[in-house]
Amino acid sequence: MEGLAPAQSAGQRLPVRLASPSLYRSIGSVSIRRSVSGFPMDRKINFRAPSLFPIRAQQSDLKESLGVASSSSSSSVENAIRIKEWEVDMYQNEIAISQGVRIRRKPPSKAPLGYSGPFELRLPHDQVADSPRNILEEITWYKDEEVSRMKELNPLEALKKAVEDAPPTRDFVGALRMAHQRTGFPGLIAEVKKASPSRGILKENFDPVEIAQAYERGGAACLSVLTDQKYFKGGFENLEAIRNAGVKCPLLCKEFVVDPWQIYYARTKGADAVLLIAAILTDLEITYLLDISKKLGLAALVEVHDEREMGRVLGIEGIELVGINNRSLETFKVDISNTQKLLQGEHGRQIREKDMIVVGESGLFTPDDIAYVQAAGVKAVLVGESIVKQSDPEKGIAGLFGRNISHT
Ligand SMILES: O=C(O)c1ccccc1NCC(=O)[C@H](O)[C@H](O)COP(=O)(O)O
């Protein structure tokens, strides 16, 4: 069966010929490519993969779907699967580009051996560039591989069982609203971060539990815990240790989420909220990840960098928390006027109408910075560097706000 798949936006049609819609379900079920099996395909685009964890396909069904003879060898079946996976990747890329998603989720690759699909999908060799265009793209490509490895060690079925026995989550959004009411300042999400790609090592003698406890004493409403090891020298063990040490502030798992599996994993490690970055994810992926987060009792902080991403996020139902990151992905330059720019006009009006909480993120160092983003309309701030670098992070919070905001 052949057919053109309608694109997600603007009635555009993409030149992707599907050998069989049911094939994509089969690809997911044989677990050859985790990125394909992680997300269901859009029902609107006629792929039939309604569940995240599809049933295991029979080999005979698979061969039929792939259009290979039932007597074919396993290597020719694998090659046919590789071709179909590649087609799905190309198709997903097209959707992402059409929505303005800036980060490519995988290095572009040339068509697999034996590919004879439509011309539009064949990239000439000289167009296959495999260097990431910026740090977020580099991190994203790395995450894709890292998550694949982690999934092997922690299968989803085991995570689902662990989630059933996990203690309830704490109300992340409620804690921010309460702190805002209590102090009159934006609620503080204080970041437990040892290092970052832009700043290198921020704190040599880094004790995540000690820092978390100091932040809590200092009046933080919530904490953000970096779990990425390679680029931020964080870890899931930090999240777990902070949770187990009896810290009461709700915890944001600060990760680069590219797969629903990560949400389950974060939940089993003590997270109360997860970060979803609009520059990496399509609208459908955000919707789907939001849905999973809610089912697991987690809040989702959806992060945007520019007006286009803000427009996209405002079009997605059910988002309560929007983060505006003031750090440029391309240059690392921080400009807090980005927060003000994105909250002007129609976007600001919609945010107020929906009573969303906007979080001002990155580059906040002084009481003037806090006053500036508050005047722009934020009800919460996410702060790392300026407080984690202090020898006493508790006092660092008082310095940031210009007064003591602790409960006492
Ligand atoms: O901080 C980076 O270098 C960075 C690079 C690539 C992606 C994300 C990055 N930072 C994550 C953050 O958003 C910040 O940790 C967070 O907003 C706190 O910022 P700051 O107060 O400036 O430490």
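Heads up: numbering here begins at 1 and tracks the sequence. Remember, it's a predicted structure, so these values are computed and weren't measured experimentally. Start at 1 and go down the list; that is how both ligands and their atoms are numbered.
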Criterion side-chain contact (heavy atoms from CB on, under 4.5 Å) on Asn244 and Ile242, from CA distance to verdict: CA-CA 5 Å; Asn244 292 338; Ile242 292 169; over 6 Å; no
List the steps, then state whether side-chain hydrogen bond (donor to acceptor under 3.5 Å, both in side chains) holds for Tyr231 with Glu138. CA-CA 10 Å; Tyr231 297 92; Glu138 182 182 325; 3.0 Å; yes
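Considering each of Lys254, Glu191, Lys389, the one bringing a non-hydrogen atom nearest atom 12 (C) of ligand 1 is Lys254. With distances taken over non-hydrogen atoms, the option nearest atom 7 (C) of ligand 1 out of Phe365, Tyr231, Phe256 is Phe256.
Using a 4.0 Å cutoff on heavy atoms, Val383 counts as a contact of ligand 1.
Within ligand 1, the atoms closer than 4.0 Å to a non-hydrogen atom of Ser196 are 1 (O), 2 (C), 3 (O), numbered from 1 in the order shown. Ligand-side atoms of ligand 1 in range of Leu382: 16 (C), 17 (O), 18 (C), range being under 4.0 angstrom from any heavy atom. Residue Ser198 has at least one heavy-atom neighbour below 4.0 Å for each of these atoms of ligand 1: 1 (O), 2 (C), 3 (O). Per-residue contacts place Glu385 under 4.0 angstrom from the following atoms of ligand 1 (heavy atoms of the residue considered): 20 (P), 21 (O), 23 (O). Within ligand 1, counting atoms from 1 as listed, the ones closer than 4.0 Å to a heavy atom of Gly363 are 20 (P), 21 (O), 22 (O). Within the listing of ligand 1, atoms 18 (C), 20 (P), 21 (O), 23 (O) sit less than 4.0 angstrom from a heavy atom of Gly384.
For atom 13 (O) of ligand 1, the closest heavy atom belonging to the protein is Asn325 ND2, 2.9 Å. Shortest contact from atom 9 (C) of ligand 1 to any protein heavy atom: Phe232 CZ, 3.6 Å. At the top of the distance list for atom 17 (O) of ligand 1, counting protein heavy atoms only, stands Ser362 OG, 2.7 Å. For atom 6 (C) of ligand 1, the nearest non-hydrogen atom of the protein is Ile135 CG2, 3.8 Å. Counting protein heavy atoms only, atom 1 (O) of ligand 1 is closest to Arg327 NH1, 3.2 Å.
A salt bridge between Lys143 and Asp228 is present, with a side-chain N of the basic residue lying under 4.0 Å from a carboxylate O of the acidic one. Look at Glu164 and Lys160 and you find no salt bridge, because none of the NZ, NE, NH1 or NH2 atoms lies under 4.0 Å from a carboxylate O. Ion pair Glu285/Arg105 flagged as a salt bridge, since at least one NZ, NE, NH1 or NH2 atom sits closer than 4.0 Å to an Asp/Glu carboxylate oxygen. With respect to the salt-bridge test (charged N to carboxylate O, under 4.0 angstrom), the residues Asp165 and Lys161 do not qualify. Between Arg243 and Asp272 there is a salt bridge, since a side-chain N of the basic residue sits under 4.0 Å from a carboxylate O of the acidic one. A salt bridge links Arg177 with Asp355: the distance from a Lys NZ or Arg NE/NH1/NH2 to an Asp or Glu carboxylate oxygen falls below 4.0 Å.
Of the possible polar contacts, one joining the Ser386 side chain to the Leu364 backbone as a donor-acceptor pair under 3.5 Å is found.
With hydrogens and angles left out, the side-chain atoms of Asp368 and Thr366 include no donor and acceptor closer than 3.5 Å.
Contacts between Val388 and ligand 1 below 4.0 angstrom, taking non-hydrogen atoms only, are absent altogether. Within the 4.0 Å heavy-atom criterion, the part of Lys193 lying near ligand 1 is the side chain and not the backbone.
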